[in-house]
Amino acid sequence: AEDEVTLFERDMKEFWIQFKISYGTEQNNQTSALRDLCKETLEALAEKWSKKLKEEDVTIDKIHEYNNEILQQSKYIAEKEEQLTEIKSKLNQEQEQQKNLTDSIQELKQELMKKMEIKSSKNKAAKEKLEQVSKIKTLFKEHLALEMRRIPDEQLQFIFRHIDHKDPDKPYVCTLSINEQGDYEVTSCTPPLDCIAELQLKLRETNNFSAFVANIRKAFTALSYK
């Protein structure tokens with residue numbers, strides 16, 4: 001450092017001053033003493049500067065040590081910040097996933113409620129149609145010689161008689177059910193009728209069950225004359 005250089009120069013000047021004084025006044029008598037003085041002065045200076053250099057080395061080592069500690073602390077802080085950023089990112093992802101899951105559950109609930117409402121509506125419609133059929137069952141049997149039976153799989157079977165004038169007791173059978181969409185559906189017809197699909201469609205459009213039964217009887221009657 002600049003102060004240490006200045007101090008060194010001052011010490012050297014003092015040394016030379018003393019040397020010149022001693023040399024001028026006692027040149028012949030004190031050569032040995034001057035040599036000793038020079039030696040002692042040089043040794044003192046060497047010891048002094050050696051001590052200073054050691055102190056500076058210690059200071060430099062401490063500075064390096066502090067720098068290393070600061071570097072390690074900086075690395076540690078950077079690692080923790082990176083971990084914190086990662087944790088925040090995962091937390092945000094989990095929150096987003098939780099929100100998506102909640103939304104999905106809500107959508108499923110709404111969809112399930114809608115399906116239950118539709119099913120309830122269809123069941124109600126099917127029940128009403130079956131009740132309608134039951135109410136006219138007796139009427140058909142008395143006036144059209146028609147017998148209706150409920151058979152497995154929620155099907156309704158219509159047995160027409162007095163169709164064939166040659167064999168009045170010969171049965172003509174048509175079986176009807178209500179499908180998943182809540183519509184009437186002919187599941188079997190004996191003997192087969194070519195117009196059964198048309199009659200089924202008309203029944204679905206008009207929901208006129210009495211007309212359907214009457215038309216089936218007319219079709220069976222027409223078939224018996226062929």
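Given the structure is predicted, the values throughout are model-derived calculations rather than measurements.
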If two hydrophobic side chains count as joined below 4.5 Å and joins carry through other members, does Leu203 share a cluster with Met148? yes

Any donor-acceptor pair under 3.5 Å from Asp153 side chain to Gln155 backbone: no

Please tell me if the side chains of Glu154 and Ile178 come closer than 4.5 Å, counting only heavy atoms from C-beta onward. no

Is Glu65 close to Asp61 at the side-chain level, that is, under 4.5 Å between some pair of heavy atoms? no

Mind running side chain to side chain contact (heavy atoms under 4.5 Å, CB included) on Leu112 and Met116 for me, showing each step along the way? CA-CA 6 Å; Leu112 180 60; Met116 290 177 65; 4.1 Å; yes

Apply the side chain to side chain contact (heavy atoms under 4.5 Å, CB included) test between Ile77 and each candidate in Glu79, Glu81, Lys80; give the one that qualifies. Glu81

Taking only Lys NZ, Arg NE, NH1 and NH2, and the carboxylate oxygens of Asp or Glu, determine whether Glu111 and Lys115 approach each other closer than 4.0 Å. yes

Run Glu47 and Lys51 through salt bridge (charged side-chain N to carboxylate O under 4.0 Å, His left out) and show every step you take. CA-CA 6 Å; Glu47 183 179 356; Lys51 183 178 181 181; over 6 Å; no

Inter-residue atom distance Leu146.CG - Ile159.CD1, 0.5 Å rounding: 8.5 Å

What distance separates Gln200 CD from Cys195 SG, expressed to the nearest 0.5 Å? 11.5 Å

Determine, stepwise, if the pair Lys202 / Glu198 fulfils salt bridge (charged side-chain N to carboxylate O under 4.0 Å, His left out). CA-CA 6 Å; Lys202 190 172 183 179; Glu198 180 182 353; over 6 Å; no

Tell me whether Gln110 at atom CD has more than 12 heavy atoms from other residues, nucleotides or ligands lying less than 6.0 Å away. yes

If you compare all heavy atoms of Leu223 against all heavy atoms of Pro192, which two are closest, and at what distance to 0.1 Å? CD2-O, 3.8 Å

Single-linkage hydrophobic cluster Val186~Tyr172, side-chain heavy atoms < 4.5 angstrom: yes

Other residues, nucleotides, ligands: >12 heavy atoms within 6.0 Å of Glu180 CD: no

Nearest 0.5 Å, what's the CD1-CD distance between Ile87 and Glu94? 10.5 Å

Residues Thr221 and Tyr225: closest non-hydrogen pair is O-CD1, 3.0 Å

Are Pro171 and Phe220 packed together at the side-chain level, in the sense that at least one heavy-atom pair is separated by less than 4.5 angstrom? no

Give me the atom names and distance for the closest heavy-atom approach of Ser224 to Ile163. OG-O, 3.6 Å

Here the pair of heavy atoms bringing Arg161 nearest to Asp169 is NH1-O, 2.7 Å

Is it possible for you to say whether Phe209 and Ile216 belong to one hydrophobic cluster, with membership spreading through side-chain heavy-atom contacts below 4.5 Å? yes

With rounding to the nearest 0.5 Å, note down the distance linking CG in Leu91 to CD in Glu96. 12.0 Å

Side chains of Phe160 and Val213: closer than 4.5 Å at any heavy-atom pair? yes

To the closest 0.5 Å, what do you measure between CG (Asp164) and NZ (Lys170)? 5.5 Å

Mind checking whether Lys90 and Glu86 have side chains closer than 4.5 Å, heavy atoms only? yes

Counting only heavy atoms not in Asn67, do more than 12 fall under 6.0 Å of its CG? yes

Quick check for you: to the nearest 0.5 Å, what is the distance between Ile105 atom CD1 and Asn100 atom CG? 11.0 Å

Which atom of Arg204 lies closest to which atom of Tyr184, heavy atoms considered: NE-O, 2.6 Å

Do the side chains of Thr85 and Lys88 get nearer than 4.5 Å, heavy atoms only? no

